[in-house]
Amino acid sequence: MDKRQHPRKPPKTVFENNVLYQTLSEQPVITGHGTLMDLSEGGCRVSGHTRLRKGAHIQLALHGEGGQLSTILSNCEVVWVNEKEFGVKF
């Protein structure tokens with residue numbers, strides 16, 4: 001059963017490493033690159049190889065086509081983690 005308040009949709013165009021993420025409260029700071037897999041009003045799913053922990057607060061920098069920075073989202077929370085992906089609540 002899906003408990004999401006907002007439906008997630010895949011991005012219109014998918015290209016690899018369009019997300020840069022960095023922890024805000026971890027020491028040492030953890031940074032990584034990933035790919036935005038889906039997005040909703042309240043969160044997103046990112047494919048990335050850098051391990052984060054559930055409950056970590058992170059900042060996301062989303063890049064558009066051509067690598068141009070389009071959005072920075074601060075104080076996001078990692079709500080689930082598996083081997084290659086993680087979910088974020090805004």
Side-chain angles (χ1 to χ4, degrees):
M1 180 177 189
D2 194 353
K3 298 179 182 179
R4 289 188 187 98
Q5 187 175 13
H6 307 286
R8 289 195 177 173
K9 298 179 183 177
K12 292 180 181 175
T13 56
V14 176
F15 46 97
E16 294 204 22
N17 294 324
N18 59 350
V19 177
L20 173 64
Y21 49 93
Q22 179 176 342
T23 58
L24 298 174
S25 57
E26 304 287 321
Q27 291 298 325
V29 172
I30 300 168
T31 60
H33 285 87
T35 302
L36 182 67
M37 302 305 291
D38 61 32
L39 180 67
S40 77
E41 188 177 315
C44 67
R45 177 172 54 113
V46 175
S47 173
H49 296 287
T50 304
R51 293 287 291 170
L52 297 174
R53 69 170 180 82
K54 181 179 175 181
H57 290 273
I58 64 172
Q59 178 173 297
L60 295 171
L62 306 176
H63 294 82
E65 290 186 65
Q68 295 181 350
L69 181 64
S70 61
T71 305
I72 295 178
L73 301 166
S74 295
N75 204 26
C76 303
E77 182 182 354
V78 176
V79 292
W80 61 266
V81 176
N82 68 26
E83 194 171 307
K84 296 181 182 177
E85 296 180 330
F86 58 92
V88 176
K89 177 175 73 172
F90 307 142

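Only a predicted model underlies this, so the values are computations on that prediction, with no experimental measurement involved.
Rounded to the nearest 0.5 Å, atoms OG (Ser40) and CZ (Arg45) are 11.5 Å apart. Glu77 CD to Lys89 NZ: the interatomic distance, rounded to the nearest 0.5 Å, is 4.5 Å. Interatomic distance, OG of Ser47 versus NE2 of His49, reported as 5.5 Å (0.5 Å rounding).
Evaluated for a side-chain contact (heavy atoms from CB on, under 4.5 Å) with Thr23, the options Thr31, Thr50, Val78, Val29 yield exactly one hit, Val29. Put simply, the residue from Leu36, Ile72, Val19 that forms a side-chain contact (heavy atoms from CB on, under 4.5 Å) with Leu60 is Val19.
Of the N and O atoms on the side chains of His63 and Asn18, not one donor lies less than 3.5 Å from an acceptor on the other residue.
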Evaluate Phe90 against Glu41 for side-chain contact (heavy atoms from CB on, under 4.5 Å), listing each step before the verdict.
CA-CA 8 Å; Phe90 307 142; Glu41 188 177 315; over 6 Å; no
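Although no hydrogens or angles enter the test, the distance criterion places a donor-acceptor pair under 3.5 Å between the side chain of Arg51 and the main chain of Asn82. Using modelled atom types, one side-chain atom of Ser70 and one backbone atom of Leu62 make a donor-acceptor pair closer than 3.5 Å.
Both Phe86 and Leu73 are part of a single hydrophobic cluster, where members link through side-chain heavy atoms under 4.5 Å apart. Leu20 is not connected to Leu52 by any chain of hydrophobic side-chain contacts under 4.5 Å among Ile, Leu, Val, Met, Phe, Trp and Tyr, and they are in different clusters.
Summarising the geometry of His57 relative to Asn75, their closest heavy-atom pair is ND1-OD1, 3.3 Å, with the distance given to 0.1 Å. The shortest non-hydrogen separation linking Trp80 to Lys54 is N-CG, 4.5 Å.
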